[in-house]
Amino acid sequence: MSILQTISLMQVNYDLVVLEDERVPLAPSGSDYFWTTVVVMVLLALAVLLAVYLIRCNGFRKRIRELDSEGTNYLGWSLSRLKETVAELEAKKVEENFEES
C-alpha cells in the first residue's frame, strides 16, 4: 500500500465528534448588595475628600503659626480664609524684609 492510499483511508475513517455543554440557566438579575456597595463607595470617597481637605488646612495652619509671632491670626478650618491669611502674612514678611535692607 502506498502512502497516498494510507492517507486516503485515514481520511475516510475520520469521525467528527462534537461535545456540547449542557445548558445552564442564568443567574437571577438584581443584586441585594448593589445599593449597599454604592453607599459604601460614596462614604469612602467622602472620607478621602475630607482627609485631603483637613490635611491641606493643617498645612496652612502650620504655615500661619510659623509666620505669625503674635498668634492673633485666624486658625479656623476654612481653606480659602486660611490661604488668604497665609498670603497676607507672607506679604507682610516680605515688606518687613525690604524695610530692613
Side-chain angles (χ1 to χ4, degrees):
M1 219 187 238
S2 72
I3 295 177
L4 291 175
Q5 289 175 342
T6 308
I7 292 174
S8 66
L9 284 175
M10 288 171 47
Q11 288 179 350
V12 170
N13 294 332
Y14 182 78
D15 292 329
L16 181 62
V17 178
V18 178
L19 299 175
E20 291 185 18
D21 292 333
E22 63 183 75
R23 295 186 180 264
V24 178
L26 296 174
S29 63
S31 173
D32 296 338
Y33 302 109
F34 177 75
W35 291 112
T36 306
T37 305
V38 169
V39 168
V40 169
M41 289 176 67
V42 167
L43 288 176
L44 284 174
L46 288 174
V48 168
L49 290 174
L50 179 65
V52 168
Y53 182 83
L54 292 177
I55 289 169
R56 291 198 64 202
C57 284
N58 198 25
F60 283 112
R61 289 165 56 102
K62 182 179 176 184
R63 182 71 176 143
I64 290 171
R65 278 188 239 110
E66 291 171 353
L67 293 172
D68 189 19
S69 58
E70 297 97 29
T72 58
N73 283 308
Y74 176 76
L75 287 177
W77 293 100
S78 173
L79 187 60
S80 61
R81 189 155 176 209
L82 288 170
K83 286 180 181 180
E84 291 172 4
T85 305
V86 167
E88 290 171 3
L89 287 173
E90 287 175 344
K92 184 178 173 183
K93 287 290 183 182
V94 168
E95 288 175 10
E96 289 174 3
N97 287 339
F98 276 124
E99 290 173 0
E100 290 175 1
S101 56

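Each residue takes its place number in the sequence, starting with 1. Computed from heavy atoms alone, side chains included, the values below leave out hydrogens, waters and symmetry copies.
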Spacing of [atom1] belonging to [X] relative to [atom2] belonging to [Y], to within rounding of 0.5 Å:
{"X": "E99", "Y": "E95", "atom1": "CD", "atom2": "CD", "result": "6.5 Å"}
{"X": "E88", "Y": "D68", "atom1": "CD", "atom2": "CG", "result": "11.0 Å"}
{"X": "E84", "Y": "N73", "atom1": "CD", "atom2": "CG", "result": "12.0 Å"}
{"X": "K62", "Y": "C57", "atom1": "NZ", "atom2": "SG", "result": "15.0 Å"}

Compare every heavy atom of [Y] with every heavy atom of [X], then report the nearest pair and how far apart it is.
{"X": "L82", "Y": "G76", "answer": "CD1-O, 3.6 Å"}
{"X": "W77", "Y": "Y53", "answer": "O-OH, 2.6 Å"}
{"X": "L67", "Y": "K93", "answer": "O-CE, 3.2 Å"}
{"X": "Y74", "Y": "I64", "answer": "O-CD1, 3.5 Å"}

Would F60 and L50 show up in the same hydrophobic cluster when neighbours are defined by side-chain heavy atoms closer than 4.5 Å?
->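 Same hydrophobic cluster.
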For side-chain contact (heavy atoms from CB on, under 4.5 Å), just list the numbers for L43 and V39, CA-CA rounded to whole Å, side-chain angles, deciding distance to a tenth of an Å, and then say yes or no.
-> CA-CA 6 Å; L43 288 176; V39 168; 4.0 Å; yes
Side chain to side chain contact (heavy atoms under 4.5 Å, CB included) filter on V38, not counting sequence neighbours, yields F34, W35, V42
Could you walk me through whether R63 and E66 pass the salt bridge (charged side-chain N to carboxylate O under 4.0 Å, His left out) test, one step at a time?
-> CA-CA 5 Å; R63 182 71 176 143; E66 291 171 353; 3.5 Å; yes
Co-members of the apolar cluster containing V24 [side chain, <4.5 Å] =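 Members besides V24: none; it forms no cluster.
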